[in-house]
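Heads up: the structure comes next, in structure tokens.
Below, chain A is the first sequence line, B the second, and so on; all start at residue 1. Excluded from the calculations below are hydrogen atoms, water molecules and symmetry mates; all remaining heavy atoms, backbone and side chain alike, are included. Since we're looking at a predicted model, the values are computed, not measured.
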Amino acid sequence: MAASPVFGHVGTAQPGDLFASRLELSLRGQHRPRRAGVGATAALGAESIVLAEQYEDDAYHDDHFWYAGSGGRDPKTGRQVTDQAPNDYRNQGLMRSERTGQPVRVFRRIAPGGDRQFRYEGLWQVVAHTYGPGKSGFQVFRFKLKPWQ
DNA sequence: TCCATGCGCGGCC
DNA sequence: GGCCGCGCAGTGG
């Protein structure tokens, strides 16, 4: 059975905290998947995501950002090579979070290869999403996040 | 360059 | 509910 998501801050973590690696994020329960960018269940929603500039359809702004959905990438090139799947539990989880308004922990890769690679960006919420052609022309999700409350 | 590993899900009993 | 196996991934050794 999938573990229940934990929404909100974990432990004493606060925005600006730095973490060494995905493994550390996982062991500390901040972002449990070791590789996937979205920690979620379809039924309950997304508890955490990682921004790592791996998806071409991301778009970052000052007070909000668009986070590309999961899947459809060529693992070698990083380009979208197929449509993203609406029934993927990670995409479903993000859509669920949009409905519930639960906070999503956001981590950002700030220093690839460094010893403090990931920064906690605090709690955000999914406020909208689109599903349509991305830069590649394939169908991709884009989730809009803004600071939580 | 290669591939392990952990997660959620679905099928089955 | 519990067990098992599958598929996949915003890593990383």
Query raised in the report: What about the rings of A/Phe107 and A/Tyr120, do their centers lie closer together than 6.0 Å?
Result: yes

Query raised in the report: Between A/His129 and A/Phe141, what is the ring plane arrangement, given parallel below 30°, perpendicular above 60°, and tilted in between?
Result: tilted

Requested in this report: Report the distance from atom CD of A/Glu53 to atom P of C/dT11, rounded to the nearest whole Å.
Outcome: 11 Å

Report task. Any chance you could encode DNA chain B as dot-bracket? Rule is Watson-Crick or G-U wobble with both distances under 3.5 Å; [ ] for pairs crossing earlier ones, | for another strand. Result -> .||||||||||||

Query raised in the report: Should the heavy atoms of other residues, nucleotides or ligands under 6.0 Å from CZ of A/Arg116 be counted, would the total exceed 12?
Result: yes

Query - Aromatic ring pairing A/Tyr67/A/Phe65, orientation class (parallel under 30°, perpendicular over 60°, tilted between) - result: perpendicular

Query raised in the report: Roughly, in whole Å, what's the span from CH2 in A/Trp66 to P in C/dG10?
Result: 20 Å

**Report entry** Atom-pair distance (CG on A/Asp115; C1' on C/dG13), nearest Å
**Finding:** 16 Å

Query raised in the report: Touch check for A/Gly71, heavy atoms < 4.0 angstrom, all strands: base, sugar-phosphate only, or nothing?
Result: sugar-phosphate

Report task. Assign A/Ala52 to base, sugar-phosphate, or nothing according to its heavy-atom contacts below 4.0 angstrom with the strands shown. Result -> base

Report task. Among A/Glu24, A/Arg105, A/Arg22, A/Glu47, find the residue that satisfies the side-chain contact (heavy atoms from CB on, under 4.5 Å) test when tested with A/His31. Result -> A/Arg22

Query raised in the report: Using a cut-off of 4.0 Å on non-hydrogen atoms, how would the nucleic acid contact of A/Tyr60 be classed: base, sugar-phosphate, or nothing?
Result: base

**Report entry** Closest non-hydrogen atom pair, A/Val127 against A/Glu98
**Finding:** O-OE2, 3.9 Å

Requested in this report: Kindly check if the number of other-residue, nucleotide or ligand heavy atoms within 6.0 Å of CG (A/Asp62) is above 12?
Outcome: no

Report summary line: Among the nucleotides B/dC9, C/dG12, C/dG10, whichever has the atom closest to the side chain of A/Ala68 is C/dG10

Query - Spacing between A/Gln30 atom CD and B/dG6 atom C1', to the nearest angstrom - result: 18 Å

Query raised in the report: Is the phosphate of C/dT11, meaning OP1 or OP2, less than 4.0 Å from a side-chain N or O of A/Arg32?
Result: no

Report task. Answer yes or no for this row: A/Phe107 ring on C/dG10 base, centroids under 5.5 Å, planes under 30°. Result -> no

Query raised in the report: Could you give the CG-to-P distance, from A/Leu51 to C/dT11, as a whole number of Å?
Result: 11 Å

Requested in this report: Give the rounded distance in Å between these two atoms: CG of A/Asn87 and C1' of B/dG10.
Outcome: 12 Å

Requested in this report: Return the value, rounded to whole Å, for the distance between atom CG of A/Leu23 and atom P of B/dC7.
Outcome: 11 Å

**Report entry** Of A/Arg34 and A/Thr41, the one whose closest DNA chain B nucleotide lies more 5'
**Finding:** A/Arg34

Report task. Could you tell me whether A/Ser26 contacts a base, only the sugar-phosphate backbone, or nothing, with contacts defined as non-hydrogen atoms closer than 4.0 Å? Result -> nothing

Report summary line: Taken to the nearest whole Å, CZ/A/Arg73 to C1'/C/dG10 is 6 Å

Query - Under 4.0 angstrom between A/Arg35 side-chain N/O and C/dA9 OP1 or OP2 - result: no

**Report entry** Quiz item: cation-pi between A/Arg73 and A/Tyr55, 6.0 Å / 45°
**Finding:** yes

Query raised in the report: Considering all heavy atoms of both residues, which atom of A/Asp58 and which atom of A/Ala68 are nearest to each other, and what is their separation?
Result: OD1-N, 2.8 Å

Requested in this report: State whether A/Tyr60 and A/Arg108 meet the cation-pi test: NZ (Lys) or CZ (Arg) under 6.0 Å from the six-membered ring centroid, and within 45° of the perpendicular axis.
Outcome: yes

**Report entry** Of residues 88-103 of chain A, the positions that come close to DNA chain B - non-hydrogen atoms, cut-off under 4.0 Å
**Finding:** A/Tyr89

